[in-house]
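First up is the structure itself, then whatever we jot down about it.
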Amino acid sequence: MAASPVQASTGLSAGTVNYGDREFALFLRRAFIKGAGLSDEDLAKPIVGIIDTGSDFNPCHGNAPQLIEAVKRGVMMQGALPVVFPTISLHESFAAPTSLYLRNLMSIDTEEMIKAQPMDAVVVIGGCDKTIPAQVMGALSAGRPFVVLPTGPMLSSRWQGERVGACTDCRRLWADFRAGRLTQAQIDDANNHLVPSVGTCSVMGTASTMACMVEAMGLTVPGAASAPAVSADRIRIAERSGYAAARLAKGEVVMPPLGEKQLHNALATLLAIGGSTNALVHLAAIMGRIGIRLDPQAFNALADQVPVLVDLKPGGEGYMPDFHEAGGLIRVVSELQEKMVLDLPTVFGDTLQQRLNGLSAMVAAEVIRSQANPIYPSGGLRWLSGNLAPSGAVIKPVAASKNLLEHTGRAVVFDGLEDMARRLDDPALDVNADDVLVLRGIGPKGAGMPEAGLIPIPKKLASQGVRDMVRLSDGRMSGTAYGTIVLHISPEAAAAGPLSLVRNGDKIRLSVREASLNLLVDSETLAAREKESWHEHLPQLAQERGYGRLHAQEVLQAEDGCDFRFLRKTP
Ligand code: FES
C-alpha cells in the first residue's frame with residue numbers, strides 16, 4: 001500500500017478565506033501581505049512554507065533562526081518565495097504532563113496550518129523527541145509536499161575528565177547521586193556540563209533515532225540526521241532543504257509516496273542504529289496516517305536479521321558528533337545494503353542508491369561497524385506478547401543486562417508515579433534484587449504515557465550496588481536510558497489491561513528469547529481479580545474539559561502509536 005501526500009496547490013491563490021467572494025478574498029490577501037513589503041513579482045512565485053518551532057523553552061531548537069535564514073536562501077536560489085510561520089514547539093523538559101500527551105496537538109496544529117495557508121511545499125523544522133513525529137504526521141495528513149529538516153544534535157562535553165552528553169549521562173550521574181556515590185556539590189557541578197550547546201540530545205535517543213529514520217525514508221536531504229546543530233554542515237543542509245522544497249513546489253521533483261518500503265527502511269534503520277523504543281510508537285502513529293499498521297511478527301523477524309551496527313550511547317560508547325564524522329546514516333545504509341530498499345525516491349529528487357554511489361571512502365570508524373563485526377548480532381529491539389501484554393510490549397535487549405533477559409521474579413507493584421515516589425525508597429519496602437518492579441497507571445490514558453518506565457532502583461538496593469533489575473510498565477522510557485526495562489505494555493492498566501490484575505508477590509516471567517511476557521497466575525485467580533476492577537483505582541489524566549478531554553476520549557494504545565482515533569486513516 002502506498003499513499004501519495006501530493007496535492008495540487010496554486011501559490012498565493014490556494015485556499016482563500018470564505019467571504020462568499022473569492023476574488024475579493026484574494027484581493028484582501030494580496031493587500032495585507034504587501035503590507036510586509038512584498039511585491040506582485042514576489043507573489044507570483046510558488047510558495048514554500050517554513051515551519052518555525054524556535055522557542056525560548058526549547059533549547060533543542062535553539063538554532064532555528066540560523067536554519068530558517070539558510071532555508072530561505074535555498075528557496076530563493078530556486079526562484080520560489082519562502083514564508084515562515086510558527087507552530088507549537090515541544091521540549092521534553094518543558095511539556096507537562098508529558099510531551100507525548102501534546103504530540104497529537106502539535107500534529108493537528110501542523111496539519112491545519114499547512115492546509116489553511118497557501119503554500120506549494122513546506123519545510124518542517126523540528127528535532128526534539130516528539131516534534132519530528134508530530135510534523136510528519138501532520139504534513140502527511142495535510143497532503144502537501146514536505147521536507148523534514150532536523151535541528152541536529154548538540155555537542156558532547158567533558159566533566160571531571162570524562163566525556164559526557166545529554167542525556168544518558170544525566171541519568172547515570174543521577175543514579176550515582178541517589179546511590180551516594182556523588183555529593184550534592186558534584187551533581188550540581190555536573191549539571192553545568194551535560195548540555196554544552198543547543199541541539200537535540202547527543203546520544204542515539206529518540207530525537208536522533210527519528211532523524212535517522214526519516215532520512216532512511218527519503219524525507220530529508222542527504223546527511224540531515226546527524227550534522228551537529230552548531231556546525232557549518234547543518235547550515236548547508238538547511239539551505240539544501242529549502243532548495244529541495246522549492247523544487248517540490250515548482251513540480252520539478254515529485255513528492256515520493258509513502259508506503260511499506262519506507263516502513264521497511266525505517267524499521268531496519270531503527271534496529272541497526274540500536275535506536276529508541278519510542279520510535280516504534282511514533283512510527284506506528286506516522287504509518288497509521290496512511291492506513292498501515294505495524295506487524296509484530298514481521299518486526300521480530302526483521303530484528304532477527306538486522307545486526308546492531310552503531311556504537312553510541314545509551315547502549316554503546318560514542319556520541320552523535322562521532323556518528324556524523326563516521327558518515328552518518330548513509331554509512332549505516334552502506335553497511336546494510338542488501339537489507340534495505342535502495343531505489344526509493346527521496347524529496348531531494350535522488351534515491352538512496354544514488355546517495356550510496358556518491359559516498360566517498362570513509363575513515364575507519366569505531367562507531368559504525370560492519371555486519372561482520374556488529375555490536376550485537378541481531379534483536380536490538382524485541383516486540384513481546386503474552387498474557388500480561390496481549391496487544392504487545394517492547395524491550396531493548398541491547399540496553400539490558402544479559403543475565404536478566406530470561407528471568408522469573410516476584411512482582412513488586414506501584415500504582416502510578418505518586419505511589420512509587422512515596423514507597424520506592426522506604427527502607428521497609430519488601431524488595432530484593434531479583435524481584436520484578438511493576439509500575440502501572442502510566443499508559444496513554446492513565447498519565448499521557450510519560451517516560452517514567454525507567455523505575456529507579458530502590459535506594460536500599462542501589463546502595464548495595466544493584467544497578468539493574470527487570471522493570472515493567474505501561475509507560476515509555478527515554479531513548480537516552482538503559483536497563484532491563486519492558487515498556488508500552490498494552491492494553492494499559494488504566495484501560496483494564498491484565499497489568500491491573502498483578503498483585504505483590506505474583507511471579508512474572510520475561511523471556512526475550514521467546515518474545516514473551518507472562519503473569520504466572522492461574523486463570524481462576526485472574527478471573528476473580530477482574531471483578532475487583534482495580535483499574536478504577538488507578539490515577540487518570542484530568543478529562544473535564546478542553547484538550548485533556550479530547551485526549552482521554554480519543555487516544556489509542558501504544559501499538560497504534562497513541563494517535564487519536566479520528567486522525568488515523570482507516571486501512
Ligand atoms: Fe530535546 Fe533530548 S531533550 S532531544
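Sequential numbering from 1 along the given sequence is applied to the chain's residues. First listed ligand is number 1; within each ligand, the first listed atom is number 1.
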Sidechain N-carboxylate O distance under 4.0 Å for Asp129, Arg103:
no
Side chain Gln557, main chain Glu492, donor-acceptor under 3.5 Å:
yes
Quiz question: by atom type and distance under 3.5 Å, do the side chains of Gln186 and Asp176 form a donor-acceptor pair?
no
Do any of the N/O/S atoms of Cys201, backbone or side chain, fall under 2.8 Å from atom 1 (Fe) of ligand 1?
no
Which angle, to 10 degrees, forms at atom 1 (Fe) of ligand 1 with SG of Cys60 on one side and SG of Cys128 on the other?
110°
State the atoms of ligand 1, each with its element, that fall below the 4.0 Å cut-off from a heavy-atom position in Glu92.
3 (S)
Atoms of ligand 1 under 4.0 Å from any heavy atom of Asp129, numbered from 1 in the order shown, are 2 (Fe), 4 (S)
So, applying salt bridge (charged side-chain N to carboxylate O under 4.0 Å, His left out) with Arg440, which one of Asp474, Asp419, Asp415 is it?
Asp415
Should the ring pair Tyr547 and Tyr101 be called parallel, tilted or perpendicular, given that the plane angle runs from 0 to 90° and is split at 30 and 60?
perpendicular
Using a 4.0 Å cutoff against the non-hydrogen atoms of Ala207, which atoms of ligand 1 qualify?
4 (S)
